[in-house]
2 protein chains.
Amino acid sequence: MTYVISIDDVRSAAQKLAGVAVRTPLIENIKLNEIAGGRVFVKCENLQHMGAFKFRGAYNRMSRLTEEEKSRGVLAFSSGNHAQGIARAAQLLDIHATIVMPKDAPPLKLAATRGCGAEVVLYDRYTEDREKVALAVAADSGAVVVPPYDDPLVMAGQGTSALEVVEDLATMGVTPDQTLINCGGGGLAAGSFTVYYDAFPHIQGYVVEPEEFDDVKRSLEVGSIQSVDFGARSICDALLTPSAGARTFPILQGNGVKGLSVTDDQARAAVSFAAKTLKMVGEPGGVVSLAAVLEGKVDTQDKITVCIISGGNIDPDMLADCMARF
Amino acid sequence: MTYVISIDDVRSAAQKLAGVAVRTPLIENIKLNEIAGGRVFVKCENLQHMGAFKFRGAYNRMSRLTEEEKSRGVLAFSSGNHAQGIARAAQLLDIHATIVMPKDAPPLKLAATRGCGAEVVLYDRYTEDREKVALAVAADSGAVVVPPYDDPLVMAGQGTSALEVVEDLATMGVTPDQTLINCGGGGLAAGSFTVYYDAFPHIQGYVVEPEEFDDVKRSLEVGSIQSVDFGARSICDALLTPSAGARTFPILQGNGVKGLSVTDDQARAAVSFAAKTLKMVGEPGGVVSLAAVLEGKVDTQDKITVCIISGGNIDPDMLADCMARF
């Protein structure tokens with residue numbers, strides 16, 4: 001089966017990102033292993049630039065722009081990690097970035113995005129249509145839109161995280177049985193599974209979603225792209241996409257990936273575990289695969305499991321709340 | 001000059017610890033570099049077993065016990081990271097450990113120590129003499145006392161952390177100009193500087209202490225071991241030793257190490273920076289060298305600086321307070 005990206009696309013992205021992205025650590029924790037009854041490796045993408053894996057895809061995409069495109073600048077809409085990844089990549093590549101963000105986005109994320117020199121255009125998410133605001137900006141400037149996940153270069157960039165995991169496991173002589181990846185639109189998952197199934201043909205892949213945003217899980221079960229219910233809610237703000245992408249989903253489906261989901265409280269407990277035991281700051285949407293391991297959503301007994309902390313941009317009050325309650 | 005440990009002792013410790021201690025990551029953060037105006041590497045010993053570097057020295061010391069000594073067990077007094085390091089090493093080496101801890105030690109630390117199977121003997125720090133309680137236990141069982149820092153095997157074990165840093169820097173082709181190390185009794189500092197000055201003869205080493213516990217700084221200035229003032233206070237509970245050790249101090253002095261100190265608020269700000277920007281959970285005493293970098297206590301402009309997060313065992317309320325205030 002042929003997909004929109006191959007392992008070679010991820011390797012090419014890794015060349016672009018060498019010396020630019022953080023080569024994030026893969027950690028193993030003796031207490032986590034005890035809970036799992038096996039070995040668990042955690043890829044720490046919360047240590048990536050701007051605190052999330054998103055920089056990888058953004059930089060890979062933007063480094064391929066022609067000089068003419070670069071001169072027009074880039075445009076993205078996001079209230080979160082994608083915005084910051086774009087802003088940082090634009091700063092490093094000396095490209096003007098416009099980010100359309102909701103007026104009520106967390107002040108810290110607005111500040112972080114502006115702090116990289118990006119131009120932030122605010123809109124009212126209750127009275128204005130984000131797409132229209134963005135299109136008006138694009139029409140004005142001719143800026144190139146960088147999508148958050150359903151783009152081959154973005155997917156390939158995110159997959160470089162898994163390439164590093166494969167290298168680190170090879171150094172240790174370890175072959176994983178299963179890998180769990182946090183999933184919103186599926187960009188990180190599609191890029192990563194491209195790598196994992198190439199390196200380890202017998203691995204079992206899982207995407208992990210918030211319970212009310214388990215559209216990819218259901219999509220994999222029924223064999224076509226499903227959407228979240230209207231009114232779905234979750235504290236995992238990094239994973240609140242309505243459905244998988246037309247480009248990301250076939251990669252998950254074709255590789256036989258399965259779906260898992262966790263509740264908000266399970267995500268909160270994983271945030272607390274990460275901070276108290278792993279000494280890692282993760283955001284709720286960044287720790288759902290860790291939550292799935294902690295909750296025994298997959299059999300980890302005598303197995304080698306890889307999961308990921310994909311982001312750590314959590315509000316201090318939320319972190320304190322998670323640590324106080326779990 | 002000859003000291004009680006040499007680089008060979010640290011290398012020997014590294015052999016004992018291979019595959020047992022966590023090989024902790026050395027991270028670099030683009031925002032920290034911007035603040036410093038140079039490159040800053042942070043060694044993450046908060047990711048060591050039990051959340052602090054202490055496991056290294058404890059395990060190295062205890063793995064050298066004779067079978068007869070092992071059968072008698074080990075004894076330590078500590079309310080904090082040393083207790084947990086000993087408890088974990090004892091568990092792995094199948095040695096009975098007795099830890100004398102104050103009754104009012106944080107419940108989490110008591111639980112963590114007991115959770116490794118150590119026997120905890122409580123004493124009242126206001127009415128009982130810790131040494132007498134410990135000696136009574138030792139007299140009973142013949143247990144071997146494992147000191148927290150002033151022991152060659154403990155110092156050599158702590159130094160293995162720096163060996164890893166040197167290896168990682170060599171891989172990157174980087175030669176550091178200066179290295180800052182958190183200092184209580186000086187075990188980590190003595191072991192680490194043994195390694196750093198061997199690898200990089202032109203490096204400048206600094207110990208970093210809490211302001212009211214700057215006895216090592218003053219000792220280095222006057223050339224003899226000084227003590228803290230009665231009544232000194234700090235939130236950096238991992239660094240509250242009254243004076244450097246008779247074995248650790250000559251290593252610091254002989255290598256020309258200098259002293260720095262930071263206030264409690266500077267430590268709090270570094271805890272907050274570590275969590276918000278580095279996505280790392282550090283305890284106040286674990287981040288004083290990072291605090292010194294952030295506060296410009298040394299010139300980092302166009303230089304390559306190494307510091308350390310030596311521990312991450314922070315109370316959730318303290319973490320929340322630091323993040324709210326800084």
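- Residues B:Leu47 and A:Leu278 come closest through the heavy atom pair CD2-O, 3.1 Å.
- In this structure, SG in B:Cys116 is found 8.5 Å from CD1 in A:Ile30, a value given to the nearest 0.5 Å.
- Interface summary for chain B: among A:His49, A:Arg88, A:Lys31, the most heavy-atom pairs under 4.5 angstrom belong to A:Arg88.
- Between A:Glu283 and B:Lys276 there is no salt bridge, since no side-chain nitrogen of the basic residue lies less than 4.0 Å from a carboxylate oxygen of the acidic one.
- Expressed to the nearest 0.5 Å, how far CG of B:Asp317 lies from CE of A:Met323 amounts to 9.0 Å.
- Considering every non-hydrogen atom in both A:Lys279 and B:Asn46, the closest pair reads CG-O, 3.1 Å.
- Among the candidates A:Asn313, A:Leu26, A:Asn29, A:Asp321, the residue making the largest number of heavy-atom pairs closer than 4.5 Å to chain B is A:Asn313.
- Heavy-atom pairs under 4.5 Å with chain A were tallied for B:Ala324, B:Ala320, B:Ser272, B:Pro316; the largest tally goes to B:Pro316.
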task = Would you sort out whether B:Thr24 and A:Ile27 count as a side-chain contact (heavy atoms from CB on, under 4.5 Å), showing the intermediate values?
result = CA-CA 8 Å; B:Thr24 58; A:Ile27 65 168; over 6 Å; no

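- Both the backbone and the side chain of A:Ala275 come within contact range of chain B, judged by heavy atoms closer than 4.5 Å.
- Contacts between A:Met172 and chain B at a heavy-atom distance below 4.5 Å are absent for every atom of the residue.
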